[in-house]
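Working notes, structure below.
Side chains included, hydrogens not; waters and symmetry mates left out as well; all remaining heavy atoms used.
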Amino acid sequence: MANRLAAETSPYLLQHADNPVDWWPWSPEAFEEARRRDVPVLLSVGYSACHWCHVMAHESFEDDGTAAYMNEHLVSVKVDREERPDVDAVYMEAVQAATGQGGWPMTVFLTPDGEPFYFGTYFPPEPRHGMPSFRQVLEGVRAAWTDRREEVAEVAGRIVDDLAGRSIGYGDGGDTPRPPRPEELGAALLALTREFDARHGGFGGAPKFPPSMVLEFLLRHHARTGSEGALQMVEATCEAMARGGLYDQLGGGFARYSVDAAWVVPHFEKMLYDNALLCRVYAHLWRATGSERARRVALETADFMVRELRTPQGAFASALDADSDDGTGRHREGAYYVWTPAELGEVLGEEDARLAAAHFGVTEEGTFEEGASVLRLPDADGPADAGRIDSVRRRLLDARSRRPRPGRDDKAVAAWNGLAIAALAETGAYFDRPDLVEAATAAADLLVAVHLDEGGRPARTSRDGAAGSGAGVLEDYGDVAEGFLALYSVTGEACWLELAGTLLDTVLRRFTAADGALYDTADDAERLIRRPQDPTDNAAPSGWTAAAAALLSYAAHTGSSRHREAAERALGVVTALAPRVPRFIGWGLAAAEAALDGPREIAVVGPAGDPATAVLHRTALLATAPGAVVAVGEPSAGGGDGADGGADGETPALLRDRPLLDGRPAAYVCRHFACDAPTADPERLARTVGSSAGA
């Protein structure tokens, strides 16, 4: 018999709808039930592509005896961390503060008032590796709740007090928060250089995550300063990731992370946010250097997103699972992606199988479980016969497509769709792929039609064209605004600029403290034991840095001093963190580079069908100047100065009072309140804004 989760829309929650555990979704009713029964709450947080979440579910939540004990002594609440990042953030902070580590599944025991008093992540069904069994944990919690209630209350109160003291504010006694200066960005570069893995690329050791946001900062720093060291770290890391097992050598797209330092064996789940961010990084690397590998990876990653993650409604699904059926009825991590020499032979025949094994590093010993190998490109010189390798790749991809496929979490998360919109719009524009721009536009249309309410405030998720119940958090506002602004630069359709402005006005009104600090939830959101607030980037830009970057771009488009000042105050946290933890504030560092450079404001005016307009527009989009904003449209005069109001519903501010140049399409470049003379010459424009590859 299904439990209460059967009525939810989250694919992760629905995976637990048939558990014998009497699960509740996160709701006031669940805590009221715990209060009525005088029992603790078990909060279990995970997500659909989480391998160990599935393991714990199979071992414990599907076990009738364990479920019966939970049902008798607890109210059990299941949360999808991707649907409720606010709940996840608050309790993960408590877990990390108490244990020094965190992760998913997250297992937290709460009082009926939501106060945490015992924490953990994965618990096995039997004691092992120094960990208690899950049943032992349950029995210990019950004993504490029954026999030592005062001690439980004291621990819970102390934790809540500690969390309450962790709010980030600039205070009211110091200087106005300011974005980093050149010397502070230089210190961040130096710190990154010390942590750079010169042998394998990337930063730190195993496990190794793709440093998307740091790479964006390094590209912008190189563009602003000419630092060859910054560019070399990007090139080495991007080549290592693209040649390694992290990258899907057959179908394109990136896995979540590498379990080793050399990018050989990935954790095989594929997340939308990783692929959107990395698609954009590789496209920007091509823009800076003309690298053919970067062009190929950007396009293959974009095609992967459209092919594998696009939903029938036009949005992009959240993730593909790491696990799939290995053909024997057993679910195994990586089963869809790995190969043995014998499997190559079955598909390709003996001669081509030998070629494929050498090209992709497939050996009898294997690099993964049970003698299987993760495909990678160990030969730095590349194939002797590229045409033959392409044929091999196509045949292997076709054969792989007939294997049991990994599950797909098909809910659409607003923030991650915003990142995908930006990546697909830019990649489509750079490489003359209007289909990718169309895919970005369709996703943006879906967000407007399904996620945004009448006041322009986004729902966090949707599924099958229906919005979920969770309210958007700060990263949804910042990343969707980022996507809309990128789409406006590519298409010239002013509605996207206006919608971005609506989102960012809500950020100023609902998410911003008087001193310029930002919160992850709105001031009218559900009250938790603490209002979540975290400026550091994780797998994707934090809400804080995403909002700061979007505010800065919007201010450049519109001339709004209000949005510019808010961006600069928000970037004050980057000033504090950049020299110490640059790996965890990469998006903020990238925004700070844009603030230092201006950012450049490029207006292209000319008839829409004129080839000369198109050439200037493309040259502007290929600008490497950090965070440069681009507007394109028909010439127009008059209509105000746009000092604080943003777009006026007619002519966007950046295009106002920009006539043709002697009757020809023209480009205007402004920076720091000063403008260059307009030009109709694409080469002159390219020199001004740093356009190079393919212009």
Side-chain angles (χ1 to χ4, degrees), residues 283 287 302 314 421-445 448 481-501 553-554 556-559 599-623 625 628-640 642 646-670 675-686 688-689 691 693-695:
R287 184 175 65 178
I421 289 164
L424 293 171
E426 291 183 352
T427 303
Y430 296 167
F431 304 119
D432 193 24
R433 285 283 302 275
D435 59 311
L436 298 180
V437 178
E438 290 166 6
T441 303
D445 286 338
V448 173
E482 176 83 14
F484 286 173
L485 290 169
L487 196 57
Y488 168 63
S489 288
V490 168
T491 67
E493 296 177 5
C495 63
W496 304 119
L497 178 63
E498 295 164 12
L499 286 164
S553 294
Y554 183 76
H557 272 293
T558 63
R600 315 283 176 99
E601 304 156 7
I602 311 170
V604 176
V605 294
D610 192 325
T613 305
V615 170
L616 288 171
H617 184 210
R618 175 175 167 77
T619 303
L621 291 172
L622 291 174
V629 302
V630 178
V632 61
E634 301 279 348
S636 176
D648 65 0
E650 297 177 0
T651 302
L654 199 53
L655 295 173
R656 294 183 195 139
D657 303 308
R658 310 290 196 195
L660 298 176
L661 185 62
D662 299 326
R664 295 178 294 164
Y668 294 77
V669 180
C670 300
C675 297
D676 294 341
T679 182
D681 180 0
E683 292 185 3
R684 179 180 169 190
L685 175 62
T688 302
V689 299
S691 295

Search all heavy atoms of [X] against all heavy atoms of [Y] and return the closest pair with its distance.
{"X": "Leu661", "Y": "Pro678", "result": "CD2-O, 3.8 Å"}
{"X": "Leu654", "Y": "Ala631", "result": "CD2-CB, 3.8 Å"}
{"X": "Val604", "Y": "Leu655", "result": "O-CD2, 3.9 Å"}
{"X": "Ala440", "Y": "Ala425", "result": "CB-N, 3.8 Å"}
{"X": "Ala302", "Y": "Leu436", "result": "CB-CD1, 3.9 Å"}
{"X": "Leu685", "Y": "Ala667", "result": "CD2-CB, 3.7 Å"}

If you round to the nearest 0.5 Å, how far is [atom2] of [Y] from [atom1] of [X]?
{"X": "Tyr668", "Y": "Asp676", "atom1": "OH", "atom2": "CG", "result": "12.5 Å"}
{"X": "Arg658", "Y": "Cys670", "atom1": "CZ", "atom2": "SG", "result": "4.5 Å"}
{"X": "Glu426", "Y": "Phe431", "atom1": "CD", "atom2": "CZ", "result": "10.5 Å"}
{"X": "Glu493", "Y": "Glu498", "atom1": "CD", "atom2": "CD", "result": "11.0 Å"}

(message) Is any side-chain heavy atom of Val448 closer than 4.5 Å to one of Phe484?
(response)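 Yes, at least one pair of side-chain atoms sits under 4.5 Å.
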(message) What I'd like to find out is whether the side chain of His617 reaches to under 4.5 Å of the side chain of Val630, using heavy atoms alone.
(response) yes
(message) With side-chain contact (heavy atoms from CB on, under 4.5 Å) as the criterion, how do Val629 and Ile602 come out once you've worked through the C-alpha distance, each side chain's angles and the decisive distance to 0.1 Å?
(response) CA-CA 6 Å; Val629 302; Ile602 311 170; over 6 Å; no
(request) Could you point out which residue of Leu499, Leu497, Ile421 forms a side-chain contact (heavy atoms from CB on, under 4.5 Å) with Leu485? (result) Leu497
(request) Determine whether more than 12 heavy atoms belonging to other residues, nucleotides or ligands lie under 6.0 Å from atom CD of Glu683. (result) no
(request) Determine, step by step, whether Trp496 and Val490 satisfy the side-chain contact (heavy atoms from CB on, under 4.5 Å) criterion, reporting the C-alpha distance in whole Å, the side-chain angles of both residues, the deciding distance to 0.1 Å, and the verdict. (result) CA-CA 11 Å; Trp496 304 119; Val490 168; over 6 Å; no
[X] side-chain N/O to [Y] backbone N/O, donor-acceptor pair under 3.5 Å:
{"X": "Arg287", "Y": "Ser691", "answer": "no"}
{"X": "Arg600", "Y": "Thr688", "answer": "yes"}
{"X": "Thr613", "Y": "Pro665", "answer": "no"}

(request) Mind telling me whether Tyr488 and His557 have parallel, tilted or perpendicular rings, with 30° and 60° as the class edges? (result) perpendicular
